[in-house]
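To start, the structure itself, in structure tokens.
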Amino acid sequence: MPAPSEDNNELVLSFLSVRRALGLLGFFLPLSLLAVAILTTEDMRPSISEFYYTRGRELFTGTLCAIAVFLWAYVGYPPAPADGWLTDRILSRTASLAALGVAFIPTENKFGPRVAPGASENCTLIQCALGTDWARWLHYGAAGVFFACLALFCLILFRRTGTGPPTRGKVGRDRIYLICGIIIAGCIVMLGAYGYGYARQDAAGQVAYDATRAVFILETIGIFAFAVSWLVKGETLKPLQRMAEPKP
């Protein structure tokens, strides 16, 4: 019996659906939170994570949980011996757990009352159990791992090739993945530099830093790059792929 084509292969269609869902969720997350700030009386928060303390909490946690579920379900192609330890399954499940960490270990609420480490009031269950300082650093760590996994998908896993010369379509997709990966990696570096500068400021300086909304902007750029890469991987952005293909 001949092997089913990609158009009829349910396994292939399922992979494409997962990739497309991840791409769409990537666009949805920052845009939905921005809509919360514009359409309600909520203040615009300095970062995506701080929307946990707004009416957008369900959008924030729900979208991250959906991303985590799809990442956990994504196993990619069977690894080849030459691929080493970095496989689709390992990276997607690491990113999935990191996304859950971002969702359920909140950062501090800068717009609310300051909470002392280990305080029993005005804190979530995890913050009360860990102390707000530990919870904040675990949140940052989970966010860093999540973004690093997204960058590795674009820079390494999506760009792996099989036997034989790559097709024009593959070359075009690889160019997009490379650009998206560089953007995500650049956002990670700039967020790290921002955090270093932020920690060295006094209270007034930190307020001025927060007013720039630089973290929200950089996070949004990085997540949009993630969304584009997964939509391309899901064979959705064909016009963009054709623009990136080498000329015949």
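Since we're looking at a predicted model, the values are computed, not measured.
Between atom CG of residue L25 and atom CZ of residue F226 there is a gap of 7.5 Å, rounded to the nearest 0.5 Å. Note: T61 OG1 to E58 CD = 6.0 Å, rounded to the nearest 0.5 Å. For the atom pair W137 CH2 and T107 OG1, the distance stands at 9.5 Å (nearest 0.5 Å). Here L29 contributes atom CG and I48 contributes atom CD1; the two are 5.0 Å apart, rounded to the nearest 0.5 Å. Here L231 contributes atom CG and L22 contributes atom CG; the two are 9.0 Å apart, rounded to the nearest 0.5 Å. In this structure, OG in S47 is found 11.5 Å from CG in L218, a value given to the nearest 0.5 Å.
Partners of F224 by ring pair (Phe, Tyr, Trp, His ring centres under 6.0 Å), not counting sequence neighbours, listed by chain and number: F27. Scored by the side-chain contact (heavy atoms from CB on, under 4.5 Å) test, W72 finds R93, S96, L97 as partners (sequence neighbours excluded). A search for salt bridge (Lys or Arg N to Asp or Glu O under 4.0 Å) contacts involving D88 returns nothing, not counting sequence neighbours. Not a single ring pair (Phe, Tyr, Trp, His ring centres under 6.0 Å) links F60 to another residue, sequence neighbours left out. Not counting sequence neighbours, the partners of R168 by the salt bridge (Lys or Arg N to Asp or Glu O under 4.0 Å) test are E245. Remark: T54 pairs with V36, E42, R45, F51 by the side-chain contact (heavy atoms from CB on, under 4.5 Å) rule, at least two apart or across chains. S32 pairs by the side chain to side chain donor-acceptor pair (under 3.5 Å) definition with nothing, not counting sequence neighbours. By the side-chain contact (heavy atoms from CB on, under 4.5 Å) test, L152 is found to be paired with L91, I156, residues two or more places apart in sequence or in another chain being considered.
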Using residues 138-148 as the side-chain source, report each donor-acceptor pair under 3.5 Å to any protein atom, sequence neighbours left out, with the distance given to one decimal.
from : atom 1 : to   : atom 2 : distance (Å)
H139 : ND1    : V102 : O      : 3.3
H139 : ND1    : I105 : O      : 2.7
H139 : NE2    : S49  : OG     : 2.7

Could you list the donor-acceptor pairs under 3.5 angstrom formed by side chains in residues 170-183, with sequence neighbours left out?
from : atom 1 : to   : atom 2 : distance (Å)
K170 : NZ     : F158 : O      : 2.9
K170 : NZ     : R160 : O      : 3.0
K170 : NZ     : D174 : OD1    : 3.0
R175 : NH1    : A244 : O      : 2.8

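Taking hydrophobic clusters as Ile, Leu, Val, Met, Phe, Trp and Tyr residues chained together by side-chain heavy-atom distances below 4.5 Å, L24 shares a cluster with L33. Residues I90 and V69 are members of separate hydrophobic clusters, defined by side-chain heavy-atom contacts under 4.5 angstrom among Ile, Leu, Val, Met, Phe, Trp and Tyr. There is a path of hydrophobic side-chain contacts, each under 4.5 Å, that joins V18 to I223. I221 is not connected to F216 by any chain of hydrophobic side-chain contacts under 4.5 Å among Ile, Leu, Val, Met, Phe, Trp and Tyr, and they are in different clusters. When the side chains of ILVMFWY residues are joined at heavy-atom separations under 4.5 Å, either directly or via intervening members, I217 and L31 end up in two distinct hydrophobic clusters.
Of all the heavy atoms in C187 and G222, the pair that sits closest is SG-N, 3.7 Å. For the pair R57 and Y52, the tightest heavy-atom approach, listed with the atom from each and the gap, is NE-O, 2.7 Å. Between K233 and L16, the closest heavy-atom pair is O-CD2, 3.9 Å. The nearest pair of heavy atoms linking Q206 to Q201 is NE2-O, 3.6 Å. Closest approach of P46 and V215 over heavy atoms only: O-CB, 3.5 Å. Considering all non-hydrogen atoms of both residues, Y209 and G197 come closest at CE2-C, 3.7 Å.
Residues in residues 183-200 take part in these side chain to side chain donor-acceptor pair (under 3.5 Å) pairs, two or more places apart or across chains: K110-Y198, Y196-R200, Y198-D210. Evaluation of the side chain to side chain donor-acceptor pair (under 3.5 Å) test over residues 211-231, restricted to residues two or more places apart or in two chains, returns none.
In this structure, D133 and E108 have side chains that are not in contact, with every pair of non-hydrogen atoms separated by 4.5 Å or more. Residues F70 and S92 have side chains not in contact (no heavy-atom distance under 4.5 Å, counting atoms from C-beta outward). The side-chain heavy atoms of I126 and F104, taken from C-beta on, include a pair separated by under 4.5 Å.
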